[in-house]
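Working notes for the structure below.
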Amino acid sequence: MQRGRFFLLSEIQNALVHMGAFKAPGEDGLKLVFYQCQWQTVGKSMCKLENSLIKDPSRIKSLNSTLIALIPKVEPMCSIKHLRLISL
């Protein structure tokens, strides 16, 4: 891709299908298989988001912000291992 040129929907989809579907989840906790299988639903939104980041790269910081909640996996909770990390 040339610098400053926007991504085409087909370019993003092509890159996505060549990535490992079950690799580590992204910041949103979803593995790539979700995006690969749900492309018809999320594709246009993904393209719009990625192209908006080309226009204004400073938005990347806000995209990476999240709230963290710790949810007990078992009762009684006796260790940090008994907590599940959830990003909101």
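Everything numeric here is computed off the predicted structure, so don't read it as measured data. Numbers here are sequence positions counted from 1. Basis for what follows: all heavy atoms, side chains included, without hydrogens, waters or symmetry-related copies.
- Hydrophobic clustering (side-chain heavy atoms under 4.5 Å, transitive across Ile, Leu, Val, Met, Phe, Trp, Tyr) groups Ile54 together with Leu9.
- Among pairs with a residue in residues 44-54, those fulfilling side-chain hydrogen bond (donor to acceptor under 3.5 Å, both in side chains) read Ser52-Arg59, at least two apart in sequence or across chains.
- By the side chain to side chain contact (heavy atoms under 4.5 Å, CB included) test, Ser79 pairs with Lys81, His82, sequence neighbours left out.
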- Give the C-alpha distance, both sets of side-chain angles, the deciding distance and a yes or no for side chain to side chain contact (heavy atoms under 4.5 Å, CB included) between Ile86 and Ile68. CA-CA 6 Å; Ile86 305 289; Ile68 305 295; over 6 Å; no
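- When the side-chain hydrogen bond (donor to acceptor under 3.5 Å, both in side chains) test is applied to Ser58, the partners found at least two apart in sequence or on another chain are Asp56.
- The side chain to side chain contact (heavy atoms under 4.5 Å, CB included) search around Ala21 returns Val33, Gln36, not counting sequence neighbours.
- Remark: side-chain polar atoms of Gln38 are not paired, donor with acceptor, to backbone N or O of Tyr35 under 3.5 angstrom.
- When hydrophobic clusters are built by joining Ile, Leu, Val, Met, Phe, Trp and Tyr residues whose side-chain heavy atoms come closer than 4.5 Å, directly or via intermediates, Leu8 is not grouped with Val42.
- Under a hydrophobic-cluster definition in which Ile, Leu, Val, Met, Phe, Trp and Tyr are linked whenever side-chain heavy atoms come within less than 4.5 Å, directly or via other members, Met19 and Phe34 are assigned to the same cluster.
- Residues satisfying the side chain to side chain contact (heavy atoms under 4.5 Å, CB included) criterion with Leu70, sequence neighbours excluded, are Leu83, Leu85.
- Looking at heavy atoms from C-beta onward, Leu53 lies out of side-chain contact with Phe7 at the 4.5 angstrom threshold.
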- side chain to side chain contact (heavy atoms under 4.5 Å, CB included) evaluation trace for His18 with Gln13: CA-CA 9 Å; His18 288 93; Gln13 184 179 19; over 6 Å; no
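- The environment of NZ in Lys73 is crowded: more than 12 heavy-atom neighbours from other residues, nucleotides or ligands sit within 6.0 Å.
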